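Some notes on the structure that comes next.
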Amino acid sequence: MLDQEITAAIMKAVDAGFYDQISLTEELVRFPSVRGAEHTAQDFVASEMHRRGLAVDRFQVKIEDIRRLRGFSPVHVSYDNAFNVVGCHRADHPKGRSLILNGHIDVVPAGPLDMWTTPPFEPRREGNWLYGRGAGDMKAGLAGCLAALDALSRLGYRPAADVMVQSVVEEECTGNGALACLARGYRGDAVLIPEPMWNKLICAQVGVLWFQVRVRGVPVHVREAGSGANAIEASYGLMQALHGLEEEWNARRKAFPPFDTVEHPINLNIGKIAGGDWPSSVPAWCTFDVRVAIYPGQEIAEAKREIEQRVCAAAQQSCFLKNCLPEVVYHGFEAEGYVLEAGAQPIATLEAAHRAVFGRDLRTIATAATTDARFFGLNAGIPALVYGPTSEAIHGFDERVDLDSVRRITQAMALFIADWCGLEKR
Ligand code: ZN
């Protein structure tokens, strides 16, 4: 437990560096680090870590290193630009408990630019909000990890245990970046991931599956459309059938606490669609990409079976498709759900830090999304705390993060580090 004097000093030190922290966050937002283009942002993160005296390990994510590990997600994309960066502080005489601070550098695509008030990769401040793609999810949190350590430095301290700051790729599509950090051997006594969580702690997260449904048709000239089979229109029926499965899974939530109290934990999203070649030809093909959640404890293999059966049953309604069954192909997320073990040691430490900053108890939330926390918890038995600032419109237009919340979350993180790892004089 930190005494009042050091608590106040640490919080003040975060305030003193907050201008620089915002600048660092803005710098990060300027990098359009969408999938496949994360490398320049990672170069920048590496230089920021180096400048702080952290030992920097920059390495490429290699499928070969992770394909046999629990939680690996298959991919069809190149990892040529997929570099993780880990900045390590290694204590001379470790006394406290070690810590991994983890954040992802990848952001989701910005969508049609004309729907943004200002360009997504030009950070903009308005009142208490910082706007930009990735500002909330989760560059503010990633910058906050470094800023929390900066605050301790400013007071002449450093953690009395090893602290590893991980900037990872692939969180938004597979989690293979965080998995590669585990494969490389990084371990700690706790993990803290400042994802945008509205100042709350995730106590449970769903798993996520991505799959693509490939539908065939019979191409004919539109004048004889009746003799063809329209792959695009047939897909609508399959989508409806999948939404039926979504509702069945939601109805099962009583069996999966803490999701029994969540209104609609399982969301199925048709996120992408392509098909056809010509307005006057009945389309011979259509593919659509789906994201669906699964409960912690729900078997991935069994979930896949249910998905395939549902697609197959819906295909029986079409005289063409029942003889030419749609294919279900998996690439991207194959993520299990994860429940943070109640009473895990670092939770009490975070609760104390949160209370000192916010003046009220830390609230927990079961989220209908996944995070990289699952790898640390499930693969390595390391309690992984996901706790971060308030943000709005993540994955949407005009994504923004609340800077006052960022400041307070950073204070709580700095207090957490000081309490969990202990402090030593620089
Ligand atoms: Zn995120």
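Order of listing sets the numbers, starting from 1, for every ligand and every atom in it. Keep in mind that what you see is a predicted model, and the values were worked out from it rather than measured. Computation of the quantities below employed the complete heavy-atom set of this structure, encompassing side-chain atoms and omitting hydrogens, waters and symmetry-equivalent molecules.
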Using residues 7-17 as the side-chain source, report each donor-acceptor pair under 3.5 Å to any protein atom, sequence neighbours left out, with the distance given to one decimal.
| unit_1 | atom_1 | unit_2 | atom_2 | d |
| --- | --- | --- | --- | --- |
| Thr7 | OG1 | Asp3 | O | 2.8 |
| Asp15 | OD1 | Arg407 | NH1 | 2.9 |
| Asp15 | OD1 | Gln411 | NE2 | 3.2 |

N, O or S atom of Glu172 closer to the Zn ion (ligand 1) than 2.8 Å:
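No, since none of the N, O or S atoms of Glu172 sits under 2.8 Å from the Zn ion (ligand 1).
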Tell me whether Glu195 has at least one N, O or S atom under 2.8 Å from the Zn ion (ligand 1).
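So Glu195 does bind the Zn ion (ligand 1) by this criterion.
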In plain terms, say whether Arg124 and Glu122 are close enough for a salt bridge, that is, a side-chain N and a carboxylate O under 4.0 Å apart.
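No.
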Is a salt bridge present between Glu308 and Arg305, judged by a nitrogen-to-oxygen distance below 4.0 Å?
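No salt bridge links Glu308 with Arg305.
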Give the name of the N/O/S atom in Asp137 that lies closest to the Zn ion (ligand 1).
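The Asp137 atom nearest to the Zn ion (ligand 1), restricting to N, O or S, is OD1.
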Please enumerate all residues that pass side-chain contact (heavy atoms from CB on, under 4.5 Å) together with Lys62, with sequence neighbours excluded.
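So Lys62 forms a side-chain contact (heavy atoms from CB on, under 4.5 Å) with Gln60, Asp65.
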